[in-house]
Structure formats: C-alpha cells, structure tokens
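Chain letters run A, B, ... following the sequence lines, proteins first and then strands; every chain starts at 1. Scope of the values below: all heavy atoms of this structure, side chains included, with no hydrogens, waters or symmetry mates. Just so it is clear, the model here is predicted, and its values are computed rather than measured.
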Amino acid sequence: MHTSFILDAAKAIQQSILNNEAALESLDREIGDGDHYINMKRGAQAIVSMQEELVSLSAALALNKIGLKLLSTLGGASGPLLASFFMSMAKQWPAAGKADLLSIALAFDAGVQAIMLRGKAGLGEKTMLDVLIPVSQQFKQLAEKKQTKAFICIALMESAEQGLINTRDLIATKGRAAGLGERAMGHLDPGAKSCQLIITAVCQLALAP
Amino acid sequence: MHTSFILDAAKAIQQSILNNEAALESLDREIGDGDHYINMKRGAQAIVSMQEELVSLSAALALNKIGLKLLSTLGGASGPLLASFFMSMAKQWPAAGKADLLSIALAFDAGVQAIMLRGKAGLGEKTMLDVLIPVSQQFKQLAEKKQTKAFICIALMESAEQGLINTRDLIATKGRAAGLGERAMGHLDPGAKSCQLIITAVCQLALAP
Amino acid sequence: MKKFINKLDDVLLESLSGFAEAHADIVKLALDPHFLSRKNQALNKVVLISGGGSGHEPLHVGFIGYGMLDAACPGHVFTSPTPDQMLAAAQSISTNKGVLFIVKNYAGDVMNFEMAAEMLNIENATIYTSDDCAVLNSTYTEGRRGVAGTIVVEKCVGSLAETGASLAECKALGEKVNQRTSSIGVALTSCTVPAAGRPTFNLAEDEIEMGVGIHGEPGRRRLKMQEADAVVKECVEAILADWQQKQLSLTEQHETLLLINGFGATPLMELYLIYHSATKLLKQHGICITRSLVGNYTTALDMAGASVSLCLLDDEIKYHWDSPVHTAAMRWKC
Amino acid sequence: MKKFINKLDDVLLESLSGFAEAHADIVKLALDPHFLSRKNQALNKVVLISGGGSGHEPLHVGFIGYGMLDAACPGHVFTSPTPDQMLAAAQSISTNKGVLFIVKNYAGDVMNFEMAAEMLNIENATIYTSDDCAVLNSTYTEGRRGVAGTIVVEKCVGSLAETGASLAECKALGEKVNQRTSSIGVALTSCTVPAAGRPTFNLAEDEIEMGVGIHGEPGRRRLKMQEADAVVKECVEAILADWQQKQLSLTEQHETLLLINGFGATPLMELYLIYHSATKLLKQHGICITRSLVGNYTTALDMAGASVSLCLLDDEIKYHWDSPVHTAAMRWKC
Ligand SMILES: Nc1ncnc2c1ncn2[C@@H]1O[C@H](COP(=O)(O)OP(=O)(O)O)[C@@H](O)[C@H]1O
Ligand SMILES: Nc1ncnc2c1ncn2[C@@H]1O[C@H](COP(=O)(O)OP(=O)(O)O)[C@@H](O)[C@H]1O
Ligand SMILES: [Mg+2]
Ligand SMILES: [Mg+2]
Ligand SMILES: [Mg+2]
Ligand SMILES: [Mg+2]
C-alpha cells in the first residue's frame, strides 16, 4: 500500500463522513452530546489538508503524522482513540515492498489494541470497538488464509456493518452513553458508525479498479 | 350612594376583570410588559377582601381606604394612578345624604385630575386618561343638565367605549408604550381597557333594578 | 411554560427568602411590606435605596451591601414596588444624611417612588436613570428608560456615599454617571412572566428585536438575525450617536467602561463574543476601553439577548467604580 | 437557532478573545494551541491546570487567577481539549512543584489529559472529579461524571496550592473534596450546540430530565414537570442517598456548602427559589448549611435547568473555601 492510497482513502473517508452528517449527528445527539459529527468532520478536514506534507512520506510515517494530527484536532473521546489507532498502526506498518495483506492486518490489529488499551474497553461495551474488534479479527483470519483482497474487503465491510448493528441492543458501559442504562438500547453507537464508514470507504477504494 | 354600593361595585369590577383576562393580558403584552391583568386582578382581589373592614365606614372613608390599599397592592404605573384617583375622589366625596349626581361627578372629576397630575398626562397620550377624561367631562355635563341616572349611565358606558377605541390609533407618549412610536398604533391601551371595564361594571350595577 | 416554581403567588417571596438565606452574611429580608437591606447598616452615610419590578436579578437585591445599596424594594415580577415598601425601607434605616432613591425611569417606578418620597418625613432626593438610547423619539415622550447602566450609577454613588458625602453630592455624581452612560439591548427571544405563563412577545426563528426594553417592551425595530458583528455594530453606533447628541466630548486620554449585559438566557460564551466584537468596533471609532463588566447583571427573566452599555469615565467615576464593594453579585477588593 | 455568532468556526476563538480582553488584568490567551493562563504567574507553587469542552463558562476559564487555577485548556464546544493544549499550558508555566491536572471524569477528557500527562516531562498528577450522583449504575460503568462540584475542588486546591503545598498534598485535598461532594442536575430544556444548530434532545412542554449531564446527556429518568419543591426533593434525596453510600458520616457539628448552579437559561430568581426549597428540605434531614453559592457556574450553553451540589465541609475545606480568590467569575477577600 502506497502513501497515495492513504491520501485517497483520507479523501474518501472525508466524503463519506460529510455524506452521513445526519446519521452521525443524530446518533450522538441521541445517546451522547451531539458533537461527534463535528469532531469527525474537523479531523477529516485536517487530514485532507495535509496532502502536500504527506505525499512524499512513507506510508508508516504518513500514518504516524495522521495520528498526531488527529490527536491535536479531533478532541473528545474519539480523538485520543483514533489517534492511538493510527500511531500504533504506523509503528507496526510493514516496510515498503513488504506490505502484504497479513502484515497490514497485523498493523491494523495493533491499532485496535491501542484503542482497547487507551479506552480500557473491549467488545460489547457499545463503542467503536464493537466494529473494530470483529473487523480486525476477521482481517487477520482471512489474510492468514490468503484470501484475495477483494474477498477480504467485502467480508470486512459486512463485518463492520454487523458490528455496528450489534451496538444497537447493547447497554453502554464506556463513553458518554454509559450513564444511560437501558435507555441507550435501540440506538447505534456514533463512534461505531464512523468506524464502519471509515472501513467501508477504505475497502471500497481498495476494491475500485 | 352608600358604602354597600361601593362594595358591590368592587365585586362587579373584580368579576369583569377576571372575565376579561385574555384581553387585558394580551393588550399589555402587545404594547407593554404583560403584567397589567395580573396587577388589576391583585388589586381587585385586595379590595374585595376588605369588605368587612369597609362595610361600616362612610363612602368617603371607604373610598380613601380603597385608594390606600391600591397604593400598596397594585404597583406598576396603574397603582399610584388609580390610588390617587380614589384618594382624591374620597376627599371631594359629598357628605352622607348629599350625594347627588352632580357632586358625585365633581368628585369623580377630582379623581381624574389627580391622575393627570400624578401621571403628567392629558388626553390623546394613549393612556387610561383617554377613557377617563371624556367620561368625566360628560358626567359633569349630563349631571349639570340634571339627566337621569339611567341616561347618564348609558352615556358614560358609550363614552368609555369610544374613549377606549380612540386609543387604538394613537401613538403613545406616556407609559411603557411611549417608546414604540408608530408600532403602538393598532393596539388598544391596556389601562384604558381596564378603566372602560370599571366604568361599565359600575354603570351596569347602578342601572340594575 | 416550565419554571422552577411552586405556587404562582409564592414565587417572589420564596425567591427572596432564598436570596436572603444564601446571603445572610450581607442582607436581611423584611416582610410586609417586603424589602431587603444590609445586615450591618452603616451609620453616618446617605442611605441609598433602589428597587423596581422583580425579574431583573441580580438587579437590585444583588447590589445591597458595602459600597453599593443600603436597601432594595422588589416589586412583583416586572411591576414597580409600592410606596409602602420604600417608606418602610427608608424608615428602618436611620442616618442623619438623608435618603437617596435610585429609580429606573419607568412611569410606574417613577410614580411609586415619587409618592413614597412625598410621604417620607426624612430629607430625600431621587436619581432617575435613563441610559437606554434605544427609543429614538424619547424627547417627545416621557423620556428614556433606565436599564443596565443603572448598575454603574449604583456602584459609583454607593462608593461615594460610603465616604460620608452629602445627599446633594451623591445625587450629583449619580446624575453625572447616568448622563455619561448609554445602553441599548437586543432580544433574540421573548421572556415569559410566570403569572402570564406565555411569552410576552413573539419573534420568528430568524428575527431579533433591536432596542428591546428589559421587560420585553418592543424596541427600535425588528430585523432579521444577522451575524453578531452586524448586530453589535448597530448597538455601538446607536450609543455613539447618543453620545454625540449628549455632547459628550472625547479627549485624547478618555477612558470608558464597557458593560456587556446578558438578559438571562444567553450563555457567557456569547456575551464574551459580543464583548470582543464591541471592542473591535469601538477601537475603530477611536474609543479606549479601560474597564469592563461582562455577565448577567440586569436581566429580563429568561430572555435571550444582551445589551451593550458604555460609560465615559472621568477620574471621579473611575475611582468610585474601582473602589471596594461587597454585595451578592459584585464584589471586589474586600 | 439564534445565537450571537459570526462564523461557526470562529465562535470559540472570538469568545476566548473577548474573555481575555475583558479580563486582561487577570488572564492572558495563548494561541495555537489555545490555552489561557494567569497574567502574573506565581512561582513556587503547584501549577493547577484544568480544562474541558467549552460551553460550560465560566468553568474553567473564569476560575483562572489568584487562589484558583493557573491555566485552563478550552476545547471546542462540548469537546475535550487535545493533549497539545495541556502540554503547551504546562510547559509555559514553570515552577519546581509539579503540575496538577483537574479533570472532569468523562472518557474524552480523561483520555486527552492522560495522553498529555504521559507526554509531559514535568512531574505531574491528576485529580478526576466525579461528583455527579445522577447515574445510578455508575459502579458498573466507567464511573461518575464530574459536574458543578468541580468548582469546589478547584477553589480549595487552588487555595492550598497558593500556600506552597506539595503536589501530593494538593491532590489529596482535591480528592477529599471530590469525595465529599455530590451533585445532581435537572434540565427543563435542551441546549443547542452552535455547530449542530438544533437542540441536542427534545423535552415535551411538560417534561423534565432528572439527572441530566452538563452536555445534555440523558439522565436518570424523564418525568412530568412538577412543582419546584418536588423536583428539588428528588435532587436532595439523591444526594443524601449518595452520601450514605459513600459512608459520609454527619457529626453534630457538621457544616455543609450548598451550591445551586444554573445551566445557563434559568433566571437567578428561580435559582434562589431552588436554594430556598433545598434549605427547607435539607433542614428536615438535619443538614446544617453554612456556606452557599448560587448562580451560573457550570453551565450547559443555553440549557434551562439547574443542579444541586452539597459538599460536606471540614475545617480544612472550609478554610480553603473561605480564603481569598481573584478570578473572573469568583472573587472575594481581595
Ligand atoms: N472508552 C472507550 N473506548 C472505546 N471507544 C469509546 C470509549 N469512550 C467513547 N468511545 C467512542 O467515542 C464515541 C464518542 O466520540 P465523540 O462524540 O467524538 O466524543 P465525546 O463522547 O467526548 O463527545 C462513542 O460513540 C464511542 O464509540
Ligand atoms: N403617565 C401616565 N398617565 C396615565 N396613565 C398612564 C401613565 N403611564 C401609564 N399609564 C397607564 O398604565 C397602564 C399600564 O399599567 P400597568 O401595566 O399596570 O403598569 P406598567 O406599565 O408599570 O407595567 C397603561 O396602559 C396606561 O393606561
Ligand atoms: Mg460526542
Ligand atoms: Mg404593564
Ligand atoms: Mg409592569
Ligand atoms: Mg463531546
């Protein structure tokens, strides 16, 4: 994977976030404080504006810079979490020319682990991890089985979708919705929704001819 | 006129004010601060509660007590004005047995003069005086001409109604509406409305068999 | 209407009781007729008494205390207090220096205080505040309204009275401060008088009322909501035009006090944004701001909106503004 | 949505600029990353830094100054600040006593401050405030939220830090105050985040949200509007139940601080009515109130509503609450 792919992915993610304003905004209004869309929009905008600065860097360096940028622009709960994801993923990122799907999956998994560590959270707590953990596990498994990129991308999009849907009937035990008890049930988690959008945007880009 | 008439009049006035809540309230909301109905209601309630205290007094003393009570319960612009009206009217009130219509008209006029003095206002300033001044003038004229009580009552009710309607197209130069300029046009003055209600209630009572 | 109240008739008394309890170190509450006064009354000073309809809190009760008012007479919501309140307050505090009433220039307040003054057998005088420059044709009417600038008058006269100055001196300073202060307010929403149960006026979702009074009286004009800078520009220009009309001349070394007052429901975040906007614009007009006050000081119940007040300082006013004050709503240097 | 703003993107900076201009005698504003700090930094004291999403003003910027915070890092509206802000603030102030972060216990705030703390090469510690007893099942979750009680923590720790106390001592006092303080809030209306342009949640004309968070997070339950005494009763009982759970024992001579905090759009008149109601109820429970604070101190933009906080004082807390403080929003004895 080249840096140019990362830059294109950033643009695709930004577009996807902008297209889903209503959903992101209303989800966080329902069980949070209503700023998640604005945060994600600000973060995506900041990354897209880095194009020039990133284009000449290696993928690992670019991912690290992205993490740092998110750390200083996103804010909220998603800021340090997504920043940690990118910075940890960057650390594990395979060297140029060695970026096979399995090593990318392992780097991705390192990112997800960093979120778990930072957020002290796991599966089933009604957070972005309910999308990221299953996606990461499946990514590793399918890459180990040497499935094609296309197969993997489709599977991950489905997995993300499923993870997102799973958050609907969970009681939140982390994040702002944790106070809600049963009242959080019936609502998707906003952070899970953005992660699903991000994964879908990247997979679709990877699928494009 | 006996004190018992005054007490009955107080009840009739209170009833009329309560019946006209919507009108009084909305007029003062439109060109004032929205409290006129509440003020009048509180004032009327206070007077009606004085029944026992007043019943054994002369009409003049009762009217003076009413003025003092209004002074300490009404508040707002209408408080000192209506209080001055009653206190001045009380001073001019004819002695028991001498309460012919002309002397009552003169006492009423003394009350209206007191309002003019206290409020530094006259005709055409979009206040309660636009009802009270014409009513007072007509009262004096008709009483001088020795018209019957019934004739006078009907004439005063008409005059009050006309005075009230006249306030509609005036620009206010006194009271809270004075800042409004042309925007006050098209609205009746709330204080004029209560005075019209008061005069009508008293006249109707006087007309009753 | 949703408000924290029990019975409508008890709102005022329960609220005043809470105020007196929360600030029992500074004030005490007298009942029937109602007024609040300093817990420890200073002797040998002019007694400063203000008052007016309730619903503008902290005005006036929040300004009772050392360096400011001696007593305040709260009326019902938006309704002037009655003369018996002012009489009782004045009579309960006896000094040999006389009583100075500070009254916002509204027909109701003026007449009720006037009657109290006539009935009072103690030497007294009255200052009428009239800083509101919103109403354009005020020269043809009974005059301008007193709004947020009243605080500056109360603060400065309060400080002077503390020095043992005479009634005439206190009145003169108050009138000077009033003359040098102009204000104008803007409403984004109406307020709701508890007893009325519904908004006093209606503004469309994109309308604002320029020049609104602190009781929700309609103002100068109704206009479409605009960006803050445009709204504040109209306020600042109205004030500066008023200064010109008042022939307040600005020397090279002039200093001013800028007061951004919230009407009750506008967040501090926006009040400070207005402050920033006003300073930018005033600087463009060569105005030098050296004192400031930002917050909810003269409110209109739950109205969203704010007013801008500007006071042209001189050494005397500045001295008395800066001097120690210890009240519930304003406290410094002690 | 009608608000005094120019461009959405500029709200925060313009508002902070106004704040810094209006209080230039106390604070200064640093840009990129944004933070505010004392104009005259005291040396030889623990550096107290707080921060959080904006929209709660005067919290935290209004509490920078002598006797309270050294710096505050404001995030976007309702969004935690980012670690670079805390780093810059901490690095700009150098004393040899270390840095104490005071953080309201929200996932976002916790993680951003945590990352800053990890990256900071100065000795530091963190206090997490968690006075909100609204959330019933908080033991199963990541914990209770920090709300208006945070002010009491900042005031007391601020006072102690001024004496030259150590980082550990400051942290210990802050944690004690937090432990002895419980709060719960009620919303009558939602708030509107400027960038969202619409209310965060919807309440019917006769509904209230009991236990609401200061970002409009849903609370304990939604109920029909009732008279103030009934609403306040539920708040007071929630607090006393929480004290029991915390095993705070009340001696004969106990003293408490009662804080009635407005969320932004509720008039002072109602806040004092709540204060009166709360004192009545607390007295019935044998609670003795000897300190009080009533006003808009920890707001939620333009939300109508209020919170009740009760702090069980001891001699140390009382001493530090009473000690001089000079900030934009709280000032006494100096
Ligand atoms: N401890 C945590 N672990 C993982 N994800 C979390 C955690 N806390 C919050 N989140 C995620 O963050 C999202 C909220 O992000 P955002 O709205 O930007 O921040 P905030 O909650 O501070 O307003 C939640 O929907 C959830 O997915
Ligand atoms: N100077 C005045 N002279 C005569 N009547 C006046 C004067 N000022 C006000 N009023 C009357 O008082 C009425 C308003 O009374 P009210 O609403 O009770 O008091 P406020 O205006 O103080 O709220 C006006 O409608 C007007 O009729
Ligand atoms: Mg959020
Ligand atoms: Mg009125
Ligand atoms: Mg009134
Ligand atoms: Mg947030």
Fill in the blank from the handout: Under 4.5 Å to a heavy atom of chain D? For C/Ala306 that would be both

Practice task
Report the option among C/Thr266, C/Val77, C/Asp206, C/Leu301 that has the most heavy-atom pairs separated by less than 4.5 Å from atoms of chain D.
Solution key: C/Leu301

Practice task
Look up atom CG in D/Leu281 and atom SG in D/Cys235, then write down how far apart they are to the nearest 0.5 Å.
Solution key: 10.0 Å

Problem - Contact origin within D/Ala329 toward chain C - heavy atom pairs under 4.5 Å - result: neither

Handout entry: Donor-acceptor pair, side chain of D/Asn261 and main chain of D/Tyr297, under 3.5 angstrom
Key = yes

Exercise for the section: Select, from C/Met225, C/Glu270, C/His326, the one with the greatest count of heavy-atom pairs under 4.5 Å involving chain D. Expected result: C/Glu270

Exercise for the section: Against chain D, work out which of C/Lys3, C/Met1, C/Glu57 has the most heavy-atom pairs shorter than 4.5 Å and name it. Expected result: C/Lys3

Problem - Qualifying residues under ring pair (Phe, Tyr, Trp, His ring centres under 6.0 Å), relative to C/Phe4, sequence neighbours excluded - result: none

Handout entry: Residue part contacting chain D, namely of C/Ile274, when any heavy atom lies under 4.5 Å
Key = side chain

Handout entry: C/Asp229 side-chain N/O to C/Ser277 backbone N/O, donor-acceptor pair under 3.5 Å
Key = no

Practice task
Name the region of D/Thr299, side chain, backbone, both or neither, that has any atom closer than 4.5 Å to a heavy atom of chain C.
Solution key: neither

Exercise for the section: Against chain C, work out which of D/Glu207, D/Met330, D/Gln226, D/Met303 has the most heavy-atom pairs shorter than 4.5 Å and name it. Expected result: D/Glu207

Practice task
Among C/Glu14, C/Lys2, C/Glu227, single out the residue with the greatest number of heavy-atom pairs under 4.5 Å to chain D.
Solution key: C/Lys2

Problem - Residue D/Lys233 excluded, over 12 heavy atoms near NZ under 6.0 Å - result: no

Handout entry: Plane angle bin for C/Phe78 and C/His215 - parallel if under 30°, tilted between 30 and 60°, otherwise perpendicular
Key = perpendicular

Exercise for the section: Side chain from CB out, backbone as N, CA, C, O: work out which of these in D/Pro194 comes under 4.5 Å of a heavy atom of chain C, or both, or neither. Expected result: neither

Handout entry: Engaged part of D/Asp25 at the chain C interface, taking heavy atoms whose separation is under 4.5 Å
Key = neither

Fill in the blank from the handout: Residues D/Thr200 and D/Gly216: closest non-hydrogen pair is CG2-O, 4.5 Å

Practice task
Before accepting this row, confirm whether a basic side-chain N of the pair C/Glu234/C/Arg221 lies closer than 4.0 Å to the acidic partner's carboxylate O.
Solution key: yes

Completion exercise
Turns out that what part of D/Val11 lies under 4.5 Å from chain C's heavy atoms comes down to both

